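One structure below.
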Amino acid sequence: MEEIRIECPEIFDFEQCLEYFKRNENEILFSVVDEEIYKAVKINNLNILIHVSYVPHYLKVEILNQDLITPLIVEKLISYIEEWFDFSTDLSSFYNDVKDNKILAPLIEELYGLRIIRIPEFFEAITWGIIGQQINLSFAYKLKRRLVEKYGESIPYKGRQYYIHPSPEKISNVTIEELMELKFSRRKAEYLIDIANKIQSQIITKKMLLNLTDKEEIEKALTDLRGIGPWTAHYVMMRSLGIKNAYPVGDVGLQNALKLILELEQKPSKEFMIELNKDWKKWSSYATFYIWRAPYLRNIK
DNA sequence: AACCAGGTACCTA
DNA sequence: TAGGTACATGGT
């Protein structure tokens, strides 16, 4: 069994990340058992089951289902994990830049060391964004579970299956009716299949977007896809592309969290949220991610 | 039993 | 350009 160690950045709290990982028991794409993460990933067309734990100051990564791993695979796996935990962001700059912000300062205290948990797989991020549109999260998790169980590959290990998100190629060959049987709306089924086709045929790729210079261009390229509006575009920029200043204005989760933190009578308006953003503009993605956590914390009003 | 969910496209005026 | 509506289903 292979074991890899990945050095963690100075500001990093594995426990905080675990709390995020544990947010929904219907999650299908990884599991947390005894403070350790199990996840199946596809690296260079090889299905790998990894087991991630923390020993100061390293992520300890064990490969559970493969004996022979080439150096190239190891290298790619390490990049994947560093991206997954967003190791490249300088959190001390974020903390320093927003330390006087009334909303973020207490959250930084509570969540110190939490990094954005990214979705390196581009199609997975888009799928999750589209599924999440306009429905409650628990239903969204159920839809994702059905989709992944039906169309994703899986690795068996000790009596259970560990799933990998279906590829664009796989979903591009699915029919609208099949997805509707899983209780996707007709619209969402159309969006997913369309976008799967476009990624599959390289009309749009993650690499392409990362090569664009400014955020507006990326947003435009994303919202040009039917089914991706401003919210989903920003969601994907934040979760998959690693863009620091994405901001899903009007996100209901963000609105409700702000309402809670600021003890508002009503959900904050879009205008108000844009106003708030001025104070953390460079770091909107992290601000959003941290504010999303607020309802799960005890000490935030 | 309404009403709202980590929105979006599409229609009308 | 602005404003209203359908969408599928589940939660509170």
Side-chain angles (χ1 to χ4, degrees), chain A residues 19-29 103 107 111 114 116-119 124-147 149-150 165 174-198 204 219-241 243 246-261 264-274 276-277 284-297 300:
Chain A
E19 285 307 307
Y20 180 78
F21 278 111
K22 289 192 279 194
R23 75 198 185 287
N24 193 290
E25 70 277 4
N26 246 318
E27 175 63 60
I28 177 81
L29 292 174
I103 295 171
L107 288 171
L111 298 168
L114 172 67
I116 289 180
I117 302 303
R118 290 214 230 157
I119 304 173
E124 178 187 330
I126 290 184
T127 301
W128 184 225
I130 288 174
I131 287 176
Q133 292 168 3
Q134 209 274 334
I135 58 174
N136 62 67
L137 266 182
S138 55
F139 181 37
Y141 276 105
K142 284 181 187 165
L143 287 179
K144 180 168 87 166
R145 173 176 283 271
R146 289 178 197 146
L147 183 80
E149 284 180 340
K150 181 146 184 198
H165 192 275
V174 163
T175 64
I176 294 169
E177 286 67 31
E178 283 178 89
L179 291 186
M180 288 180 72
E181 281 171 26
L182 306 185
K183 306 305 178 190
F184 280 69
S185 65
R186 177 173 292 277
R187 278 276 169 78
K188 285 188 183 177
E190 290 169 4
Y191 300 161
L192 282 192
I193 295 165
D194 269 13
I195 291 173
N197 265 302
K198 292 202 165 106
I204 186 163
E219 183 174 354
K220 171 74 165 62
L222 284 167
T223 52
D224 277 350
L225 301 171
R226 182 167 173 270
I228 298 188
W231 178 85
T232 312
H234 281 258
Y235 187 84
V236 170
M237 290 192 286
M238 166 187 173
R239 293 297 303 281
S240 192
L241 303 180
I243 290 183
Y247 191 50
V249 195
D251 173 273
V252 180
L254 197 53
Q255 287 183 317
N256 286 330
L258 287 169
K259 177 168 176 262
L260 181 73
I261 295 167
L264 305 173
E265 298 288 328
Q266 299 175 358
K267 285 187 296 191
S269 67
K270 190 176 167 184
E271 292 70 29
F272 180 64
M273 290 171 68
I274 290 170
L276 291 177
N277 190 39
S284 307
S285 301
Y286 262 91
T288 300
F289 200 72
Y290 272 44
I291 292 167
W292 271 339
R293 297 298 301 149
Y296 299 92
L297 302 174
I300 301 293

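Because the structure is predicted, anything quoted here is derived from the model rather than measured. Residue numbering restarts at 1 for every chain, and letters A, B, ... go by the order of the sequence lines. Values reported hereafter were calculated over all heavy atoms of this structure, with side chains retained and with hydrogens, waters and symmetry mates removed.
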Residues touching DNA chain C, which here means a heavy atom under 4.0 Å, drawn from residues 174-185 of chain A: K183(A), S185(A)

Counterpart residues, ring pair (Phe, Tyr, Trp, His ring centres under 6.0 Å), relative to F184(A) (two or more places apart): none

Ring pair (Phe, Tyr, Trp, His ring centres under 6.0 Å) involving F21(A) - partner list, sequence neighbours excluded: F30(A), W84(A), F85(A)

Sequence neighbours excluded - salt bridge (charged side-chain N to carboxylate O under 4.0 Å, His left out) pairs with any residue from residues 124-143 of chain A: none

All ring pair (Phe, Tyr, Trp, His ring centres under 6.0 Å) counterparts of F139(A), not counting sequence neighbours: none

Y191(A) backbone acceptor or donor facing R226(A) side chain under 3.5 Å: no

Length of the line joining I291(A):CD1 and dG6(B):P, which is rounded to integer Å: 16 Å

P spacing across the pair dG10(C) / dT8(B), given as an integer number of angstrom: 22 Å

Greater than 12 external heavy atoms within 6.0 Å of K220(A)'s NZ: no

5'-to-3' dot-bracket of DNA chain C (Watson-Crick, G-U; under 3.5 angstrom; crossing pairs as [ ]; | other strand): |||||||.|||.

T175(A) backbone acceptor or donor facing E178(A) side chain under 3.5 Å: yes

Partners passing ring pair (Phe, Tyr, Trp, His ring centres under 6.0 Å) against H234(A) (at least two apart in sequence or in another chain): none

Qualifying residues under side-chain hydrogen bond (donor to acceptor under 3.5 Å, both in side chains), relative to E181(A), sequence neighbours excluded: none

Those residues that, when tested against Y247(A), pass side-chain hydrogen bond (donor to acceptor under 3.5 Å, both in side chains) (two or more places apart): none

Integer-rounded Å distance: dC4(B) P and Q266(A) CD: 12 Å

Interatomic distance, K270(A) NZ vs dA2(C) P [rounded to whole Å]: 10 Å

Heavy atoms from other residues, nucleotides or ligands near CD of Q266(A) exceed 12 (cutoff 6.0 Å): no

Nearest-angstrom distance from the residue atom CG of N26(A) to C1' of dG6(B): 16 Å

Any K188(A) side-chain N or O less than 4.0 Å from OP1/OP2 of dT9(C): no

Within 6.0 Å of NZ in K22(A), more than 12 heavy atoms from elsewhere: yes

Test item: side-chain donor near acceptor, R293(A) and Y290(A), under 3.5 Å: no

Nearest-angstrom distance, P atom, dG6(B) to dA2(C): 28 Å

Ring geometry between F289(A) and Y286(A) (parallel below 30°, tilted from 30 to 60°, perpendicular above 60°): perpendicular

Interface with DNA chain C, restricted to residues 126-145 of chain A and to heavy atoms under 4.0 Å: Q134(A), I135(A), N136(A), S138(A), F139(A), K142(A)

Could you list all N or O pairs between the protein and nucleotides 4-6 of chain C that sit under 3.5 Å apart?
none

Gap between atoms CZ and P, on R186(A) and dC10(B) respectively (whole Å): 14 Å

Separation of the P atoms in dA1(B) and dA8(C), to the nearest angstrom: 23 Å

For DNA chain B, the residues among residues 227-235 of chain A that have a non-hydrogen atom under 4.0 Å from it: G227(A), I228(A), G229(A), P230(A), W231(A), T232(A), Y235(A)

Separation between CE of M238(A) and CD1 of I119(A), rounded to the nearest 0.5 Å: 9.5 Å

Approximate separation, where rounding is to 0.5 Å, of N277(A) CG and L254(A) CG: 9.5 Å

Pairwise 5' ranking along DNA chain B for L254(A) and R226(A), keeping only the more 5' one: L254(A)

Nearest-angstrom distance from the residue atom CG of L222(A) to C1' of dG7(B): 15 Å

Nearest-angstrom distance from the residue atom CZ of R23(A) to C1' of dG6(B): 10 Å

